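To start, the structure under review is shown below, and the notes come after it.
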Amino acid sequence: GLGNGLFNVGGECSMTVWAMAQRIAQCCCETLGYTPEIIRSVPEPNEKTVALQYDINKLKHTGFFIDGNVDAEIMQTLKMCAAVQQGHKT
């Protein structure tokens, strides 16, 4: 079974939220033709960032596999969101 039906989604590569936001913005530029503004507070001089830690073992046990192309997955997600926003099915 699927247990409680909740799954962590992500991949096997961990990065900071800031790094992921920048990556998504770059993919948006390449895919949709514009770069969204990313707004964040300025880190304190001694502030450390912590990488997100994903555990997708439960998802992988369903037969899901990762092809290793994070940017391609981001771009597909952006295309789907754009199509939904325009009222089209993907």
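Just so it is clear, the structure is predicted and the values come from calculations on it, not from any experiment. Positions are given from 1, in the same order as the sequence printed here.
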Checklist entry - CG/D71 to CZ/R23 distance, rounded to the nearest 0.5 angstrom? => result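 The CG atom of D71 sits 4.5 Å away from the CZ atom of R23.
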Please table the atom pairs, donor to acceptor, closer than 3.5 Å between any side-chain atom in residues 25-47 and protein atoms at least two apart or in another chain.
residue: Q26; atom: NE2; partner: E30; partner atom: OE2; Å: 2.8
residue: T31; atom: OG1; partner: C27; partner atom: O; Å: 2.8
residue: E47; atom: OE1; partner: E44; partner atom: N; Å: 2.8

ILVMFWY cluster, I24 and M75 together (side-chain gap under 4.5 Å):
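They do not share one cluster, since no chain of ILVMFWY contacts under 4.5 Å joins I24 to M75.
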